[in-house]
Protein chains: 2
Amino acid sequence: MSSTQMLKGIIDGCVLAIIKNKEVYGYELAEKLEAYGFESFSEGTIYPMLMRMQREELVSATFKKSTAGPRRKYYSLTQKGEKELQHFITRWEQLQQSVNQVLQNGVNSS
Amino acid sequence: MSSTQMLKGIIDGCVLAIIKNKEVYGYELAEKLEAYGFESFSEGTIYPMLMRMQREELVSATFKKSTAGPRRKYYSLTQKGEKELQHFITRWEQLQQSVNQVLQNGVNSS
DNA sequence: ATATATACCTTGCATTGCAATGTAGTGAGT
DNA sequence: ACTCACTACATTGCAATGCAAGGTATATAT
């Protein structure tokens with residue numbers, strides 16, 4: 001039971017939420033996620049994920065020049081992405097409720 | 001982003017918490033998880049998971065006769081399993097905090 | 001006998017996080 | 001010019017695990 005397994009299907013929603021707030025590029029996203037407390041976020045996770053989301057039309061991308069390195073690929077949310085984010089939030093809240101209930105009943109009452 | 005992906009690495013902890021409360025057998029576990037709000041829990045998930053946990057010495061198992069069908073395989077927590085449960089709870093709380101922070105900042109402030 | 005509920009297990013697949021590796025632009029120091 | 005560090009995107013192959021589908025077997029009722 002590694003820590004990374006718990007992230008499956010969850011960072012997707014977090015990424016959508018961050019992109020909704022403001023368009024971001026991949027490298028920036030990695031830094032933001034780390035700032036939020038997700039430790040060690042691999043680029044091997046982020047770039048394939050963003051590309052998958054683009055393929056699924058949850059986000060759209062445009063390249064912009066940078067003065068600090070190569071061009072950046074900025075992502076922003078599509079309407080479909082907004083809907084998906086709302087669905088994620090619903091599922092996340094249900095999951096939280098279920099897990100917390102199990103932990104309370106299961107751990108304390110023995 | 002399916003609903004099942006979000007469960008990866010998370011039901012493990014929930015199962016440990018349920019077993020800690022009281023020894024259970026697989027079929028019973030499926031029903032309990034459903035009662036807690038985890039919809040549609042496949043036996044193809046539960047039995048391999050329990051066997052994996054036994055292999056990792058997080059749980060121990062004993063067979064007991066049943067009057068309502070074939071013998072039941074009851075699982076109970078080992079010391080190692082208790083430690084693993086504590087680790088899970090820590091990770092879960094961190095995850096909750098991070099995700100909720102992202103959702104608050106990302107969704108509302110745009 | 002047949003049906004239903006109980007109870008466990010196995011096989012094969014799909015998804016996805018990640019380490020490792022590659023490529024390339026920009027700027028500072030020497 | 002050369003090197004180094006930082007920035008930035010991408011690909012490959014692997015590992016973990018949830019699950020549908022299918023199989024086996026026991027107990028009870030009709």
Side-chain angles (χ1 to χ4, degrees), chain A residues 1-16 23-34 38-56 58-59 61-75 84 88 91 95 98-99, chain B residues 1-16 23-34 38-56 58-59 61-75 84 88 91 95 98-99:
Chain A
M1 194 162 47
S2 72
S3 188
T4 80
Q5 286 292 328
M6 291 176 60
L7 297 172
K8 283 191 190 288
I10 289 182
I11 31 171
D12 297 62
C14 294
V15 166
L16 289 176
E23 62 168 14
V24 292
Y25 56 98
Y27 195 84
E28 188 186 8
L29 191 59
E31 292 171 334
K32 287 203 176 188
L33 283 168
E34 202 161 346
F38 298 96
E39 49 185 69
S40 86
F41 238 105
S42 171
E43 299 182 48
T45 300
I46 286 180
Y47 292 115
M49 182 182 63
L50 287 170
M51 293 168 73
R52 192 186 76 228
M53 285 181 175
Q54 189 179 8
R55 201 169 58 242
E56 291 169 353
L58 303 177
V59 296
T62 55
F63 286 100
K64 293 186 187 177
K65 272 190 270 183
S66 163
T67 60
R71 63 182 188 176
R72 296 166 174 167
K73 194 171 175 184
Y74 280 86
Y75 291 91
E84 183 56 40
F88 167 77
R91 286 202 308 271
L95 180 66
S98 295
V99 173
Chain B
M1 194 162 45
S2 73
S3 188
T4 80
Q5 286 292 327
M6 291 176 62
L7 297 172
K8 284 193 189 287
I10 289 182
I11 30 170
D12 297 62
C14 295
V15 166
L16 289 177
E23 63 168 13
V24 292
Y25 56 98
Y27 196 84
E28 188 186 8
L29 192 59
E31 291 171 334
K32 288 204 175 188
L33 283 169
E34 200 160 349
F38 298 96
E39 49 185 71
S40 85
F41 238 105
S42 171
E43 299 183 45
T45 299
I46 285 179
Y47 291 116
M49 183 182 62
L50 288 170
M51 293 168 73
R52 193 185 77 229
M53 285 181 175
Q54 189 180 8
R55 202 170 57 242
E56 293 170 350
L58 303 177
V59 297
T62 55
F63 286 99
K64 293 185 187 178
K65 271 190 272 183
S66 164
T67 59
R71 63 181 188 176
R72 297 166 174 167
K73 193 172 175 185
Y74 281 87
Y75 292 91
E84 184 56 40
F88 167 78
R91 286 202 308 272
L95 181 66
S98 295
V99 173

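Every value quoted in this text rests on a predicted model; they were computed, and no experiment measured them. Numbers restart at 1 for each chain; the letters A, B, ... are given by sequence-line order, proteins then strands.
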Would you mind reporting whether [Y] and [X] have side-chain heavy atoms less than 4.5 Å apart?
X: B/Tyr75; Y: B/Gln54; result: yes
X: A/Phe63; Y: A/Tyr25; result: no
X: A/Asp12; Y: A/Glu84; result: no
X: A/Leu7; Y: A/Thr45; result: no
X: B/Met53; Y: B/Leu16; result: yes
X: A/Glu34; Y: A/Glu31; result: no
X: A/Leu50; Y: A/Val15; result: yes

Taking the minimum atom-to-atom distance to the side chain of [X], which one of [options] wins?
X: A/Thr4; options: C/dC18, D/dT17, C/dC9; result: C/dC18
X: A/Arg72; options: C/dG17, D/dC9, C/dA7; result: D/dC9
X: A/Met51; options: C/dA7, D/dA10, C/dG17; result: D/dA10

How close or far is atom [atom2] of [N] from atom [atom1] of [X], stated in whole angstroms?
X: A/Lys73; N: D/dT7; atom1: NZ; atom2: C1'; answer: 17 Å
X: B/Lys64; N: C/dC8; atom1: NZ; atom2: C1'; answer: 17 Å
X: A/Ile10; N: D/dT17; atom1: CD1; atom2: P; answer: 14 Å
X: B/Leu29; N: C/dT6; atom1: CG; atom2: C1'; answer: 15 Å
X: A/Met6; N: C/dC18; atom1: CE; atom2: C1'; answer: 17 Å
X: B/Arg52; N: C/dC9; atom1: CZ; atom2: C1'; answer: 16 Å
X: A/Met49; N: C/dA19; atom1: CE; atom2: C1'; answer: 16 Å
X: A/Tyr27; N: D/dA5; atom1: OH; atom2: P; answer: 14 Å

Are [X] and [N] close enough that a side-chain N or O sits under 4.0 Å from OP1 or OP2?
X: A/Thr45; N: C/dG17; result: no
X: A/Tyr25; N: D/dA8; result: yes
X: A/Lys8; N: C/dC18; result: no
X: A/Tyr47; N: D/dA10; result: no
X: A/Ser42; N: C/dG17; result: no

Collect all protein-nucleotide pairs involving nucleotides 26-30 of chain C in which both atoms are nitrogen or oxygen and the distance is under 3.5 Å.
residue, atom, partner, partner atom, Å
C/dT26, O3', A/Thr67, O, 2.9
C/dG27, OP1, A/Thr67, O, 3.2

Distance in Å, A/Lys73 NZ paired with A/Met51 CE, rounded so as to fall on 0.5 Å steps: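 Between A/Lys73 NZ and A/Met51 CE, I get 5.5 Å after rounding to 0.5 Å.
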Point-to-point distance, once rounded to the nearest 0.5 Å, from CZ of A/Phe88 to CD1 of A/Ile11: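 Separation between the atoms: 10.0 Å.
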Earlier contact from the 5' end, DNA chain C, for B/Glu31 and B/Phe63: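 The residue closer to the strand's 5' end, by nearest nucleotide, is B/Glu31.
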Upstream residue (5' side of DNA chain C) when A/Arg71 and B/Gly26 are each assigned their closest nucleotide: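 Closest to the 5' end, via its nearest nucleotide, is B/Gly26.
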side-chain contact (heavy atoms from CB on, under 4.5 Å) partners of B/Lys65, counting only residues at least two apart: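 Expected list: none.
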Stem regions touching DNA chain D, defined by at least 3 consecutive Watson-Crick or wobble G-U pairs below 3.5 angstrom: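 As far as DNA chain D goes, consecutive pairing (with distances under 3.5 Å) yields the stems C:1-30 with D:1-30.
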Polar pair under 3.5 Å, donor/acceptor by atom type, side chain A/Glu43, base C/dC18: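 Such a pair does not exist between side chain and base.
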